[in-house]
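Below, read A as the first sequence line, B as the second, and so on, with proteins coming before strands; counting in each chain starts at 1.
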Amino acid sequence: MSIQLSEQETIRREALVKLRALGINPFPAALFPVNIQSKEVKDNFQEGKEVVLAGRLMSKRIMGKASFAELKDASGRIQIYINRDEICVGEDKTLYNEVFKKLLDIGDFIGVKGVLFTTQVGEKSVKVKEISVLSKSLRPLPIVKTDDEGKVHDAFTDAEQRYRQRYVDLVVNDEVKNIFIKRTKLFNAMRQFFNDAGYMEVETPILQAIPGGAAAKPFITHHNALDIPLYMRVANELYLKRLIVGGFDGVYEFSKNFRNEGMDRTHNPEFTAMEIYVAYKDYNWMMEFTEKLLEHCATNVNGTTQATFGEHQIDFKAPYKRVTMRQAIIDFTGFDIEGKSEQELRSACLSMGVEVDETMGKGKLIDELFGDKCENNYIQPTFIIDYPKEMSPLCKEHRDNPELTERFELMICGKEVANAYSELNDPIDQRNRFEEQLKLSEKGDDEAMFIDNDFIRALEYGMPPTSGLGIGMDRLIMFLTNNQSIQEVLFFPQMKPEKKAIELSDVEKAIIEILKINNRIEIGALKSTTALSGKQWDKAMKTLNQHGLIKVEVSGETKVCVLQE
RNA sequence: GACUUGGUAGCUCAGCUGGUAGAGCAUUUCACUUUUAAUGAAGGGGUCCUGGGUUCGAAUCCCAGCCAGGUCACCA
């Protein structure tokens, strides 16, 4: 196994050896007695105070017998001052001349003990008395510098590298780290809001025999011991409602969901939703609850209800505007969907240039119309209410209009952020709706829902009137941190695997060479040409096969080896 | 899936109509005891994404592929 090392990596590995030769363990086991963080040092600066800090070395400015460096810990950066005679009190100046100046690199974890002081230029700093190596870094970090005008130089910006090596991104780009701090603040704020309201956080299965609760393509997997297919959940709705049946008043879950669909700027195969169900409530109550919730969350994350998203200024201050879907379509197209037949809707769509096809039922047509003509116009948080029945198979029929459901979606900057219902709790109606879905799926809709008989059985025992809400957490944090791409708010967005260069042994290369000259050799002939031992031959062929470089074609008694392109 | 832009040193990037591969930072060596994009001097470092093709000659032109970004389509 030979790994190609860059010059800088080689030098760092050599430093490792030299440190050990000096009796310094570059990866010591013992705890380091940190007693303060850099932010606290700067916020409550006390000249002469003794401190013990640890972190990464982020820069070195050596000026002969004294140096300045920057230490970065979880809370920020602080300048440290290292004077040769302060850290080497005796005759032996090795610790300064060799260890600090030559063997410590940017990126290394070090610990320092020292006293606080202010430099001539006024920078709050630590005068180091003792320095310890805590962990050596073998790869060079990107060096990002900021000049006195605040301009950033050589920023680590390549999106692919940033996502694949998020750890580097986080070390080097503070604004990236800050996004994730805000993400956690959002979850904490929401959790606190629900807990204060008396609702209970629960966990439900991720591996499900029937992937229900949303119209989406699932990932499929297989359980060996049970020998059955299992699906990764696309939503947790049906399980949370079972818990309402079981007698809880309010349950919620932050759920990782998985959808086997396309990926783009706003879709990752795994994403996080929050779903909450509250008994004895309806969607009107839920709208008020939602706007209060989001106002609370925005304030906790950003300290204000205002947020900037691209060119838009949005305000999470409650209350939010409420517009029925019918009214939204009238507002932006002049067309009234009320009482129209499927045929009338289809021709209306066509006349407005909305793409439709034969598999679309009434609900889907209205959805297309809304999606195409209205959705993008709602910039400020707006509740779109009263969706057509056909596209909401888990939602209760509207109390005033049997064509509609008691459903709302919250739109922000033209994107759906939340979705809520007065939940359907009539088991007979529920079974009919599932059967409607089945018909849709027979018509060609590959996202129509499966029938979940156990869920219907649960409803047959009785579920109180309940309102449920789902929030796309990734989308919400995008709005709260002004990011247009979901990848920026996920620590580890999905990426295609990095392909690694295949390293072949000489023996394997030799076989390839033979095949290049004379492809399709009978396998016995090939073996005798190579003149390899049985063991070497076997190993080489297995490796080549694994990498898909060769293929053995069997026809009857003869086996022929073929080079693969 | 379509279109489009990109992939060159550890990082950020330049490299024209094809002619031996460049800069800044980082790194190495030397100097320098309050600097802060520290400074000054000298050096080293490359699978120009991969594979074909055209050509006397390809980082550059052509074809195919891989990876990524963007736009659009699909999609709660």
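When rounded to the nearest whole Å, the span between CG of L5(A) and P of rU47(B) equals 13 Å. Atom CZ in R12(A) sits about 15 Å away from atom C1' in rG45(B), given to the nearest Å. If you take CZ of F68(A) and C1' of rC32(B), they are 13 Å apart, rounded to a whole angstrom. In this entry the distance linking CZ of F156(A) with P of rC25(B) reads 20 Å, nearest Å. Rounding to whole angstrom units, CG of residue L410(A) and C1' of rA76(B) are separated by 14 Å. The CE atom of M58(A) sits 13 Å away from the C1' atom of rA26(B) (whole-angstrom rounding). For D367(A) and rC75(B), the CG to C1' distance is 11 Å, given to the nearest whole Å. Atom-to-atom, CG of D264(A) to P of rC3(B) comes out at 18 Å; the value is rounded to the nearest Å.
One N or O donor and one acceptor, one from the side chain of Q79(A) and one from the base of rU35(B), sit under 3.5 Å apart. On a pure distance criterion of 3.5 Å, a polar donor-acceptor pair joins the side chain of D154(A) and the base of rG24(B). At a cut-off of 3.5 angstrom, the base of rU27(B) holds no donor-acceptor pair with the side chain of E7(A). Evaluation of atom-type donor-acceptor distances gives a pair under 3.5 Å for the side chain of H267(A) against the base of rC75(B). Donor-acceptor pairing under 3.5 Å, judged by distance alone, is absent between the side chain of R265(A) and the base of rA68(B). Within 3.5 Å, a donor on the side chain of T119(A) pairs with an acceptor on the base of rU35(B), or the reverse.
A close approach under 4.0 Å does occur between a side-chain nitrogen or oxygen of K145(A) and OP1 or OP2 of rA38(B). Side-chain nitrogen and oxygen atoms of Q484(A) include none within less than 4.0 Å of the OP1 or OP2 phosphate oxygen of rG70(B). Distances shorter than 4.0 Å separate some side-chain N or O of R61(A) from OP1 or OP2 on rA38(B). A sub-4.0 Å separation between OP1 or OP2 of rC67(B) and a side-chain N or O of K496(A) is present. One finds no side-chain N or O of K127(A) lying less than 4.0 angstrom from the OP1 or OP2 phosphate oxygen of rU35(B). At least one side-chain nitrogen or oxygen of K364(A) sits closer than 4.0 Å to the OP1 or OP2 atom of rA76(B). Side-chain nitrogen and oxygen atoms of Q161(A) include at least one within less than 4.0 Å of the OP1 or OP2 phosphate oxygen of rC11(B).
Map Y81(A) and I106(A) each onto its nearest nucleotide of RNA chain B; the residue landing nearer the 5' end is I106(A).
Straight-line distance between the C1' atoms of rC49(B) and rG6(B): roughly 11 Å, to the nearest whole Å. For the P atoms, the distance linking rA23(B) with rA64(B) amounts to 36 Å, nearest Å. Comparing the same atom, P, in rG7(B) and in rU12(B) gives a spacing of 12 Å after rounding to whole Å. Comparing rC62(B) with rU4(B), their P atoms are spaced 13 Å from each other, to the whole Å.
Of the charged side-chain nitrogens involved, none lies within less than 4.0 Å of a carboxylate oxygen, so that E50(A) and K113(A) do not count as a salt-bridged pair.
Two rings, from Y378(A) and F332(A), have their centers less than 6.0 Å apart.
Residue Y163(A) has its side chain nearest to rG69(B) when only rA37(B), rC30(B), rG69(B) are considered.
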